[in-house]
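Hydrogens, waters and symmetry mates play no part in the numbers below; they use all other heavy atoms, side chains included. As the structure is a prediction and not an experimental result, all values here were calculated from the model.
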Amino acid sequence: MEETSYCRTIAVANEKGGVGKTVMALNLGAALSTKEKKVLIVDADPQANATRGLGIQVPEGMPALYEFMTDPDPGHVLNRTVETRWDGLHVVPSTVDLAGAEVELVDVPGREYRLKEALEGLSEFYDFILIDTPPSLSLLTVNVFAYAREILVPCQTHPYSFDALEELFDTVSAIGREINPALSITGIVATFFDTRTRVSHRILEKLRNDPRYGPLLFETRIRVNTTIADSALSGKPVVFYRKNSFGAEDFMNLAEELLKTKG
């Protein structure tokens, strides 16, 4: 693999499920790859939806994130990332076995750093490493936060998702104090935005006007778009599945906006 000069490691995270984390991780990564960026998607969710969404099937015996986290050899993952069908877009796949890592590592000293140890050296070869996280605060999520330097927060434009932000921000503050002082929230992205509904507009306004969240809110909104779901079923990111769709347009805009932020 050819080395790059600087890599941004970004966790796509929200402790509430159903807000579009996986969709954002794989589609943002795909959009960045179209801009000549080398991108690695790390699927840290045992549901492995990001893996499937990139059209990757993990055959029996093929190492995935579970093996890398439970194998103590540093650098084991080097040259074991999986190439997708699209140039510049690679993945560290997941399987359901990853759920067992939490149980196996619970009594291991330094268990919160196992992902960081597993991915050691990879940042030299990518411009972006995007990590899809589980929909809860777990040992896996803590491992992601111990490794990443940035967090991108998808927030569904729904009252429950808005209310869940406070808990996430408190978690990030605690991780910053105790485990990873380099960690910070780069931005919040409104997702499942429906221009036709009053609630979507109200939640967007609440995000904009909140002194804690407003300065972090990206201008790009990920609109409700059935093509995004269709693309996931096909194992193709929406920017490759249907380039002229609203979903592809939104993620290309999000990639452009992210590139303008400082890591």
Side-chain angles (χ1 to χ4, degrees), residues 8-32 39-54 56 65 89 91-96 98-99 102 115 128-158 160-172 175 183-193 203 207 213 216-218 220-225 228-229 231-233 235-239 247 250-251 253-255 257-258:
R8 293 176 65 175
T9 54
I10 304 175
V12 180
N14 190 320
E15 292 177 21
K16 186 181 184 306
V19 299
K21 289 187 299 296
T22 298
V23 164
M24 182 169 291
L26 68 90
N27 285 292
L28 176 59
L32 288 166
V39 181
L40 177 68
I41 308 292
V42 178
D43 191 349
D45 187 345
Q47 296 179 76
N49 288 328
T51 301
R52 287 189 292 271
L54 291 166
I56 301 297
L65 190 59
L89 185 60
V91 62
V92 175
S94 181
T95 63
V96 69
L98 186 60
E102 298 209 59
L115 180 69
F128 286 88
I129 296 178
L130 301 179
I131 311 145
D132 186 27
T133 57
S136 62
L137 181 60
S138 62
L139 180 57
L140 287 172
T141 310
V142 171
N143 264 263
V144 173
F145 288 167
Y147 170 69
R149 295 180 66 89
E150 304 177 55
I151 298 176
L152 194 61
V153 183
C155 179
Q156 183 183 8
T157 46
H158 186 280
Y160 293 158
S161 295
F162 179 86
D163 293 342
L165 286 177
E166 183 174 1
E167 187 173 350
L168 174 66
F169 273 57
D170 290 345
T171 297
V172 173
I175 295 290
L183 184 67
S184 64
I185 294 176
T186 291
I188 300 169
V189 182
T191 60
F192 294 99
F193 182 77
I203 296 302
L207 286 167
Y213 311 141
L216 295 169
L217 183 65
F218 275 48
T220 302
R221 295 164 293 183
I222 307 301
R223 290 168 285 183
V224 171
N225 185 240
I228 293 176
S231 71
L233 283 173
K236 276 187 176 182
V238 71
V239 298
D250 290 347
F251 279 109
N253 288 339
L254 181 59
E257 192 169 357
L258 181 66

I want to check something: taking the side chain as every heavy atom from C-beta on, are [X] and [Y] in contact at a cut-off of under 4.5 Å?
| X | Y | answer |
| --- | --- | --- |
| Leu130 | Leu32 | yes |
| Leu254 | Asp250 | no |
| Tyr147 | Val42 | no |

### Query
Strictly by modelled atom types, are Asp43 and Thr51 linked by a side-chain donor-acceptor pair under 3.5 Å?
yes

If I take atom [atom1] from residue [X] and atom [atom2] from residue [Y], how far apart are they, to the nearest 0.5 angstrom?
| X | Y | atom1 | atom2 | value |
| --- | --- | --- | --- | --- |
| Ile10 | Ile185 | CD1 | CD1 | 13.0 Å |
| Leu137 | Glu167 | CG | CD | 7.5 Å |
| Leu233 | Ile228 | CG | CD1 | 12.5 Å |

Shortest non-hydrogen contact from [X] toward [Y]:
| X | Y | value |
| --- | --- | --- |
| Leu152 | Met24 | CD2-SD, 3.9 Å |
| Pro154 | Asn14 | O-ND2, 2.9 Å |
| Arg8 | Thr186 | NH2-CG2, 4.1 Å |
| Leu183 | Ala148 | CD1-O, 3.5 Å |

#### Entry: side chain to side chain contact (heavy atoms under 4.5 Å, CB included) between Phe251 and Asn225, intermediate numbers included
CA-CA 12 Å; Phe251 279 109; Asn225 185 240; over 6 Å; no

[X] side-chain N/O to [Y] backbone N/O, donor-acceptor pair under 3.5 Å:
| X | Y | answer |
| --- | --- | --- |
| Asn253 | Thr220 | no |
| Ser231 | Pro237 | no |
| Tyr213 | Glu166 | yes |
| Asp45 | Asp132 | no |
| Glu257 | Phe218 | no |
| Thr9 | Arg149 | yes |
| Ser94 | Ala44 | no |

### Trace of the side chain to side chain contact (heavy atoms under 4.5 Å, CB included) decision for Leu207 with Leu165
CA-CA 10 Å; Leu207 286 167; Leu165 286 177; 3.6 Å; yes

### Task
Kindly indicate, with the supporting measurements, whether the criterion side chain to side chain contact (heavy atoms under 4.5 Å, CB included) is fulfilled by Phe128 and Leu28.
CA-CA 10 Å; Phe128 286 88; Leu28 176 59; over 6 Å; no

### Task
Could you give me the CA-CA distance, side-chain angles and deciding distance for Leu140 and Leu98, then say whether side chain to side chain contact (heavy atoms under 4.5 Å, CB included) is met?
CA-CA 9 Å; Leu140 287 172; Leu98 186 60; 3.9 Å; yes

